Chemist: 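Before I ask anything, here is the structure I am working with.
What you are looking at is a predicted structure, and each value in this text was computed from that prediction instead of being measured.
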Amino acid sequence: EIHRRLGLLQYTNAGEKLDVEMPFRNFLSGRILWDEGMATAAHSWVSENAGGLLIGLVGADHVKFGNGIPGRFARLSGGKCDCTTVIINPTLIDSRPSGSVSSIPGSDSAKTP
């Protein structure tokens with residue numbers, strides 16, 4: 001429901017406006033494929049450039065909670081490569097799992113980052 005209300009189902013991953021909202025299932029499948037593709041590209045580069053440093057600048061939704069690109073990269077590398085994630089200016093929703101914010105009395109992203 002939140003994805004629909006935010007208008008995310010009205011656009012492709014490439015940002016093209018759709019005439020009809022896509023089903024959430026298609027949105028999620030696209031995000032999974034996108035993250036897998038980015039993690040695979042990163043792993044390929046790291047594998048071909050031993051000792052190199054790869055820095056990826058991606059949106060927070062691709063790295064939140066260690067899932068997305070970092071989790072997929074770790075799986076592909078078998079834990080043999082380091083992966084560090086930095087989220088710039090995170091809010092509670094960017095840095096804490098769903099449901100955990102309500103357990104902190106009076107917390108919100110504006111007052112308790």
Chemist: Hydrophobic clusters here meaning ILVMFWY residues chained together by side-chain heavy-atom distances under 4.5 Å, can you tell me if F24 and Y11 are in one?
Modeler: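 No, separate clusters.
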Chemist: Hey, can you tell me if F73 and H43 have their rings parallel, tilted or perpendicular (30° and 60° cut-offs)?
Modeler: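 Aromatic pair F73/H43 classed perpendicular.
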Chemist: Which pair of non-hydrogen atoms, one from A39 and one from I69, has the smallest distance, and what is that distance?
Modeler: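 Residues A39 and I69, closest heavy atoms: CB-O, 3.8 Å.
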Chemist: Evaluate whether atom NZ of K17 has more than 12 neighbouring non-hydrogen atoms of other residues, nucleotides or ligands under 6.0 angstrom away.
Modeler: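 Yes - once you tally the heavy atoms of other residues, nucleotides and ligands closer than 6.0 Å, there are more than 12.
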Chemist: Enumerate the side chain to side chain donor-acceptor pair (under 3.5 Å) contacts for residues 18-32, please, sequence neighbours excluded, ordered by first and then second residue.
Modeler: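 Of all non-adjacent pairs touching residues 18-32, none passes side chain to side chain donor-acceptor pair (under 3.5 Å).
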Chemist: Measure the shortest side-chain to side-chain distance between L18 and Q10 over non-hydrogen atoms and say whether it is less than 4.5 angstrom.
Modeler: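 Contact flag for L18/Q10 side chains = no.
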Chemist: E36 versus R75: any side-chain heavy-atom pair under 4.5 Å?
Modeler: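 Side chain of E36 against side chain of R75, heavy atoms only: contact under 4.5 Å found.
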Chemist: Test side-chain contact (heavy atoms from CB on, under 4.5 Å) on F27 and H3; report intermediate values, then the result.
Modeler: CA-CA 9 Å; F27 171 81; H3 294 84; 3.3 Å; yes
Chemist: Do W45 and M38 sit in the same hydrophobic cluster, where Ile, Leu, Val, Met, Phe, Trp and Tyr count as joined when their side-chain heavy atoms come under 4.5 Å apart?
Modeler: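 In one cluster with W45: M38, no.
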Chemist: Can you see which heavy atom on L54 is nearest to which on A42, and at what distance?
Modeler: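 The answer is CD2-CB, 3.4 Å.
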Chemist: First locate atom CE of M22, then atom OG1 of T12, and finally report the distance between them rounded to the nearest 0.5 Å.
Modeler: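 Answer rounded to 0.5 Å: 6.5 Å.
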Chemist: What distance separates D35 CG from T40 OG1, expressed to the nearest 0.5 Å?
Modeler: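 Taking CG in D35 and OG1 in T40, the distance rounds to 10.5 Å.
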Chemist: Please determine whether the number of non-hydrogen atoms from other residues, nucleotides or ligands lying under 6.0 Å from atom CG of N49 exceeds 12.
Modeler: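 Enclosed.
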Chemist: Is the shortest side-chain heavy-atom distance between W34 and H62 below 4.5 Å?
Modeler: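 Heavy-atom side-chain distance check passes, below 4.5 Å.
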